[in-house]
Amino acid sequence: MTRVLEIRLPRDFSFRHTVASHGWYDLPPFEHKERSPELTYVFAPTKRDRAITATIRKERGTLKIALSSKPRDAERIARGVAHILRLDEKMSEFYATLENDDRLAWIVGANAGRLLRSPSVWEDLVKTICTTNCSWALTKKMVGNLVEKLGEPAADGRKSFPTPQAMAEQDADFFREEIRAGYRSPYFAELAAAVASGELDPESWLHSELPTADLKKELKKVKGVGDYAAENLLKLIGRYDGLALDSWLRARFYKTHNDGRKCADKKIAKFYSKFGEWQGLAIWCDMTERWFK
DNA sequence: GCGTCCAGGTCTACC
DNA sequence: GGTAGACCTGGACGC
């Protein structure tokens, strides 16, 4: 390692609850071992820098970030780490909605609620499509193939997530045969071409002034993005109005709050409606509480 | 070994 | 707007 950055942490930040908040830490170019104080991520190359591996370690009230090579633009890496871990996100409003809820009070005590995300919406978008209609094992296989076959190597040999340009150079057959993306293959080819050409800018969704319902419609224009995927992406963007119900979340709700019996989505929505625009975060924290026991 | 089911759903056609 | 059927892969399971 040739360079170490340091970031001061907000007081209400939990490294463990943020890194393990959902499965992203298990998908490359993230690396993390359960309960380890370290998270590794490989940042994609830019015009100024090659791909750089950042090994992020919590030490008391700071993050120490060891880099695989000395960057020309260290600020980009620091901003990226802050974005990944949502260091700038104000959690107080969410925590205020939990004040009179005995069941979810643990969230405030644990400083939970920050959801791990990628440095780019592009990466989160592609990964989310990889989670749809398949097992987690297949999601890992598809994302692993994308990184291995189209990522750029850092000095330590680890590879970054492919850029839109790198994916746009491939056709649907490549995604089908090499990535094993199945029916998603033409979706990836079309999406990458749109983003690489500038026709579509997923990063603009982060700062969109559209109401969430309208932004969700924009997201659903991307082939392969339906209700679940759009609401999951909105959570990663920082909008928690939607529940992003999938088969796993539904099954957890049935078991936790409905005696193991199936019920309509409307009943789940009613259960969390009191949390308003934070309901998507409330259900996620509620259903994943056992991960941290 | 083989067939079936289904998993962190979505798209299209049709009504 | 709601619904049925098709769509890919690969691991788990029963036989």
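Protein chains get the first letters and strands the later ones, always in sequence-line order, with residue 1 at the start of each.
- Atom OH of Tyr187(A) and atom C1' of dC11(B) are 5 Å apart (whole Å).
- Both thresholds, 5.5 Å between centres and 30° between ring planes, are not jointly met by Trp136(A) relative to the base of dA7(B), so the two rings are not stacked.
- Residue contacts shown for Ala251(A) are absent, as no nucleic acid heavy atom lies under 4.0 Å away.
- Both Gly226(A) and Leu138(A) sit near DNA chain B, but only Leu138(A) has its closest nucleotide nearer the 5' end.
- In this structure, Thr132(A) reaches the sugar-phosphate backbone alone: every heavy-atom distance under 4.0 Å involves primed, P, OP1 or OP2 atoms, never a base.
- Using P as the reference atom, dG8(B) and dA4(C) are 23 Å apart when rounded to the nearest Å.
- Across all strands shown, dG1(C) forms a Watson-Crick or G-U wobble pair, both distances under 3.5 Å, with dC15(B).
- Heavy atoms from other residues, nucleotides or ligands lying under 6.0 Å from CZ of Arg72(A) number 12 at most.
- Taking the charged nitrogens against the carboxylate oxygens, Lys216(A) and Asp241(A) have no contact shorter than 4.0 Å, which rules out a salt bridge.
- Across the strands present, dA7(B) finds its partner in dT9(C); the criterion is a Watson-Crick or G-U wobble pair with both atom distances under 3.5 angstrom.
- Between Phe175(A) atom CZ and dC7(C) atom P the separation is 22 Å, expressed in whole Å.
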Practice problem: Take Trp248(A) and Trp284(A) through the test ring-ring contact (aromatic ring centres under 6.0 Å, His included) and record every step on the way to the result. | Solution: CA-CA 11 Å; Trp248(A) 183 85; Trp284(A) 186 256; 5.6 Å; yes
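- Electrostatic pairing of Glu152(A) and Arg50(A) does not count as a salt bridge here, judged by no charged N lying under 4.0 Å from a carboxylate O.
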